[in-house]
Each structure stands twice: as C-alpha cells, then as structure tokens.
Amino acid sequence: MFQNLENLANQENKEVDKTIVMKDVEKKRQQMVSLQMDTRKAYLSKKLDLEKQEKDSLIDIVDPGLRKRNVSGKASAAKSASRTTGSLHSLSQTMASELEKNQSTMTTLLSSSKTIAETRDEFKNMSGHISQSNKLLTKYARREITDKLLIFLALVFFFSAVLYIVKKRLFPL
C-alpha cells in the first residue's frame, strides 16, 4: 500500500508535490508502526491480566479465604491449614469419584463396541447364508422345471408306446 503511494508520488511532475506526498507517506507509515506497537502492548497487557485473573479464580476455587488469610497467630494458621487440607482432600475424593465414573463409562463403551462388532460379524455370516440359500433356491427351481419336462416327455413316450402296442394288436396290417 505504501509502495503504491510512493510510486504515485514519484510520478508527480512537481518536486514540491513529490516531497509533500513522500512526507505524508512516511508520516502514515510511522503512525501505522506506532499503532501496531501499541496494539501489541495492549494485547500482552490484557493477556497478562487475564492470566492473573484466571490464576486468582483457581486459587479462590480451592480455598476462597486463602488470599485473605490472617497469619496473626498460630491457631488461625493451623485452622487455615486444616481447611486447606480438608478442601484438598475433598477435591481428591471428587477426582477419584470422577475417575471411577470414567472407568465405568470406558468399560461400558468397550462392552458396547464388542457387542456391535459381534453383531456385525453375525450379520455378515447371515448375509452369506442368505445369499447361499438364494442360490440353492434358484438351482432347485431350475431343477423342478427340468424334472417336470422330463416327466412330461416320459409320459408322452409311455403313452405313445402304449398307443403303438394297442394299435398293433387291435389293427394288425
């Protein structure tokens, strides 16, 4: 963008116009660099603030009174330590229960996956049996037609033989 403006400035006929345009281009370039630097600084500053807030919120989740601890006496320090230990213990128990839930879910998922795989294998086997049965039924249908044709031809031959014998005996020539 600045290169295009510099090219346009170089195409100007008057030296005075060239210098004015070049100064404006350089001024705008410096402003852009300054804005980029300010944006980066603001981004980093906000990022650090957000990280600090996140860190503080995590500490407040574990023990809300941790930051406001009054270390004036040993009793309050011991009480605070026991509260922190208790909250850590409850957090540990919660994590353990969540882990058990995850393990039971994983077990259920594995058994479901195994059942699905077995069902898929069974369907493949049944598909093979069905296609084989289809082939056999088609083959038997062809054989039935062939058998009917052979029986018909045998009956025709039988009746023609009977007719021939009856004709020769009744009408001898």
Side-chain angles (χ1 to χ4, degrees), residues 1-139 141:
M1 180 170 110
F2 292 113
Q3 186 66 33
N4 291 341
L5 290 174
E6 287 175 356
N7 289 340
L8 288 174
N10 288 332
Q11 291 175 359
E12 285 290 324
N13 292 333
K14 296 179 183 176
E15 281 298 317
V16 174
D17 291 339
K18 281 184 187 181
T19 56
I20 291 173
V21 171
M22 291 300 275
K23 285 180 182 177
D24 284 344
V25 167
E26 190 59 34
K27 186 177 178 182
K28 297 296 180 187
R29 183 178 283 150
Q30 288 175 357
Q31 285 177 353
M32 186 183 79
V33 168
S34 173
L35 283 174
Q36 284 177 342
M37 296 287 282
D38 291 343
T39 304
R40 285 183 187 144
K41 286 178 184 175
Y43 173 76
L44 289 174
S45 171
K46 197 58 166 171
K47 185 177 177 182
L48 290 173
D49 287 345
L50 287 174
E51 287 176 358
K52 186 175 185 240
Q53 286 176 357
E54 187 175 312
K55 187 177 177 184
D56 290 345
S57 68
L58 287 175
I59 289 174
D60 286 342
I61 288 173
V62 173
D63 188 5
L66 188 63
R67 287 210 177 266
K68 299 170 188 168
R69 234 191 284 192
N70 185 5
V71 283
S72 61
K74 291 183 180 181
S76 64
K79 187 177 181 181
S80 177
S82 68
R83 272 196 316 245
T84 304
T85 302
S87 67
L88 286 175
H89 182 64
S90 67
L91 182 63
S92 173
Q93 287 177 343
T94 305
M95 288 174 62
S97 68
E98 287 297 319
L99 183 62
E100 287 176 12
K101 286 179 187 177
N102 288 343
Q103 286 176 346
S104 67
T105 303
M106 184 63 86
T107 304
T108 305
L109 182 63
L110 288 174
S111 67
S112 297
S113 297
K114 183 179 177 183
T115 305
I116 289 172
E118 289 172 354
T119 305
R120 184 192 54 190
D121 292 340
E122 195 171 314
F123 280 146
K124 282 183 181 178
N125 289 337
M126 291 182 91
S127 173
H129 291 307
I130 289 172
S131 65
Q132 191 175 13
S133 298
N134 186 22
K135 289 177 185 176
L136 285 173
L137 287 174
T138 306
K139 181 179 175 182

Is the backbone N or O of L88 less than 3.5 Å from a side-chain atom of S92, with the two atoms forming a donor-acceptor pair by type? no

Could you grab the distance from atom CD of Q30 to atom CE of M32, nearest 0.5 Å is fine? 11.0 Å

Atom OG of S127 and atom CZ of R120: how far apart are they, to the nearest 0.5 Å? 13.5 Å

To the nearest 0.5 Å, how far apart are NE2 in H129 and CG in L136? 12.0 Å

Judged by atom type as modelled, is there a donor-acceptor pair below 3.5 Å linking the side chain of T107 to the main-chain atoms of Q103? yes

R29 bridged to E26 by N-O distance under 4.0 Å: yes

At what distance, to the nearest 0.5 angstrom, does OG of S104 lie from CG of L109? 11.0 Å

Can you confirm whether E51 is buried at CD, in the sense that more than 12 heavy atoms of other residues, nucleotides or ligands lie under 6.0 Å from that atom? yes

Working to the nearest 0.5 Å, report the span between CD of Q31 and CG of D38. 11.5 Å

Spell out, as yes or no, whether a donor-acceptor pair under 3.5 Å connects the side chain of S112 to the backbone of T108. yes

Would you say that more than 12 heavy atoms from the other residues, nucleotides or ligands in this model lie under 6.0 Å from the CD of E122, or not? no

Test side chain to side chain contact (heavy atoms under 4.5 Å, CB included) on Q132 and K135 and set out the steps. CA-CA 5 Å; Q132 191 175 13; K135 289 177 185 176; 5.6 Å; no

Nearest 0.5 Å, what's the CG-CG distance between L44 and D49? 11.0 Å

